[in-house]
Amino acid sequence: MTKRIAVVAGDGIGPEVIDAGMRILDKIDADLAFTYFGWNADEYLRTGISMPPGAMDDIRHNYDAVYLGAFGDPRVPDMKHAADILLGMRFQLDLYVNYRPVKLLNENLSPLKGKGMKDIDLVIFRENTEGAYVGMGGNFKKGTAEEIAVQEDVSTRKGVERIIRHAFEFARQTGRKSVCMSDKNNVMRFGGDLWLRTFEEVAAEYKDIEHFHMFVDALTMQMVRAPEMFDVIVTNNMFGDIVTDLGAALQGGLGVAASGNIHPGRVSLFEPIHGSAPKYAGKDIANPIGAILTAAMMLEYLGFNDQAARIERAVIAAIDAGETTSDLGGSLGTKAAGEAILRRL
Ligand code: IPM
Ligand code: MN
């Protein structure tokens, strides 16, 4: 059956890296149909609309996946369109799993002294539909000396349980040894208590998988000091946002990091972790690997496992040959770096 993919290139370097990813997807042998959507800052500034009415339902009912570049434009300082589209899809499509693997693809890309490919290979699952991202809160006496701002952090039993369960299920299915749950329950006691109780209860159903808890401040330290101690990490939305940037740095930088926003069995959204990097836009210098590995992740989600593995091997071969953009030490532009991978497919 044909898999239907909505392509949203977005802003900044988004169009260039998605173009590189599309060349790979066009070449790969998989039954895919693409529809392009031009939602971005230009459109938003022209029309005042982030996504036309009915678009979210169209995505929900008529697509298997969304392949997204990046959002963010200096002309939209409040990131309104980005929030409407990216966070809008995460929330309205209930994409509760933010899947962010951290895998070093070449020994030379390690930023850590003495740590290599066997050490840096972990997966982070970030809760993607609640926490500090729900936008609950308000202010009082704004603009005065007595101003108060309240920003809530929401955890539900259902939301916490499903992401923790997903982490254990993933560990079991991929032969990973352990799951680490990370939060800050020594300070955020109410949410932390819910997370920890749920973690222990779900862990009891997965006796074949080890489990341990770590405060998120300690986690950031250990990810740098001893990344080999982690297999699967599960954490909330905000901490997950932060530690996955650290994770990206461990694997060679934001330029190579891929991510999935997933509701298992439903339409899901795949995007490189890097942002729109407006100052690099249109200059043919952005690294296309993040977008290309994101395409591979999407293919895997859609059941094209061999094709995904082939793309990953082609990426590794291009990196090994030094045929990369400058962030990885090479001298190629976005297009040529994409071609170097395409040739190896
Ligand atoms: C990410 C990004 C987003 C987030 C921004 C762009 C809203 O940093 O996907 O990690 O905070 O989730
Ligand atoms: Mn982020």
Side-chain angles (χ1 to χ4, degrees), residues 8-15 17-18 21 39-41 44 50-51 65-102 122-137 151-155 159 163 182-183 216 219-220 223 233-263 268-281 286-287 289-291 293-295 297-298 301:
V8 185
D11 302 322
I13 60 171
V17 298
I18 289 298
W39 310 322
N40 59 17
Y44 175 68
S50 309
M51 258 174 114
V66 179
Y67 184 42
L68 189 142
F71 280 110
D73 186 294
R75 295 167 300 165
V76 190
D78 63 357
M79 296 271 285
K80 170 84 169 85
H81 70 302
D84 288 349
I85 300 169
L86 179 59
L87 300 182
M89 288 204 219
R90 287 181 185 170
F91 281 88
Q92 292 173 48
L93 303 175
D94 199 28
L95 307 175
Y96 65 92
V97 177
N98 195 317
Y99 170 45
R100 298 187 161 181
V102 177
L122 54 106
V123 173
I124 302 174
F125 288 109
R126 160 186 176 190
E127 201 294 318
N128 214 27
T129 52
E130 7 187 280
Y133 280 68
V134 296
M136 283 171 67
Q151 189 85 48
E152 301 287 4
D153 185 340
V154 175
S155 295
I163 189 66
S182 187
D183 68 0
V216 70
L219 175 70
T220 59
M223 281 173 70
I233 296 169
V234 62
T235 187
N236 71 23
N237 210 342
M238 181 60 81
F239 295 146
D241 178 45
I242 298 165
V243 300
T244 54
D245 267 29
L246 174 57
L250 293 182
Q251 65 185 123
L254 280 172
V256 300
S259 80
N261 299 261
I262 297 170
H263 186 123
S268 295
L269 162 69
F270 298 84
E271 49 164 348
I273 293 190
H274 64 68
S276 59
K279 70 174 178 209
Y280 300 133
N287 191 341
I289 290 180
L293 290 176
T294 294
M297 183 191 281
M298 177 171 74
Y301 178 73

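We're numbering straight along the sequence, starting at 1. Whatever order the structure lists them in is the order used to number ligands and atoms, beginning at 1.
In this structure, Phe91 places its CZ atom where more than 12 heavy-atom neighbours from other residues, nucleotides or ligands lie under 6.0 Å away.
Against a heavy-atom cut-off of under 4.0 Å, Tyr133 is close to the following atoms of ligand 1: 4 (C), 11 (O), 12 (O). Within the listing of ligand 1, atoms 1 (C), 4 (C), 10 (O), 11 (O), 12 (O) sit less than 4.0 angstrom from a heavy atom of Arg126.
Summary of contacts: the protein heavy atom closest to atom 7 (C) of ligand 1 is Leu87 CD2, 4.2 Å. Among all protein heavy atoms, the one lying closest to atom 1 (C) of ligand 1 is Arg100 NH2, 3.5 Å. The nearest protein atom to atom 3 (C) of ligand 1, hydrogens excluded, is given as Arg90 NH1, 4.2 Å; this is a heavy-atom distance.
The backbone N or O of Leu95 sits less than 3.5 Å from a side-chain atom of Asn128, completing a donor-acceptor pair. Counting only distance, with no hydrogens or angles, the side chain of Ser182 and the backbone of Thr235 share no donor-acceptor pair below 3.5 Å.
Taking the six-membered ring where the residue is Trp, Tyr301 and Phe270 present tilted rings, their angle falling between 30° and 60°. Ring-plane geometry between His81 and Tyr44 is classed as parallel, the angle between the planes falling under 30 degrees on a 0 to 90 degree scale with a further cut at 60.
No donor-acceptor contact under 3.5 angstrom links the side chains of Asp11 and Ser276, judged on distance only.
Sorted by chain and number, the protein atoms of type N, O or S within less than 2.8 Å of the Mn ion (ligand 2) are Asp241 OD1.
For atom 5 (C) of ligand 1, no protein heavy-atom neighbour is present inside the 4.0 Å cut-off.
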Steps toward salt bridge (charged side-chain N to carboxylate O under 4.0 Å, His left out) verdict (Lys80, Asp78): CA-CA 5 Å; Lys80 170 84 169 85; Asp78 63 357; over 6 Å; no
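Of the residues listed (Ile233, Thr244, Val243), the one engaging Arg100 in a side chain to side chain contact (heavy atoms under 4.5 Å, CB included) is Thr244, and it is the only one. Under the side chain to side chain contact (heavy atoms under 4.5 Å, CB included) rule, Asn261 has a single partner from Val97, Thr129, Leu269, which is Leu269.
The residue from Asn237, Asp241, Asn98 that puts a heavy atom closest to atom 10 (O) of ligand 1 is Asp241.
Using a 4.5 Å heavy-atom cutoff, the side chains of His274 and Asn287 are not in contact.
Within the structure, the closest approach of Met238 to ligand 1 does not fall below 4.0 Å when heavy atoms are considered. Not a single heavy atom of His274 sits closer than 4.0 Å to an atom of ligand 1.
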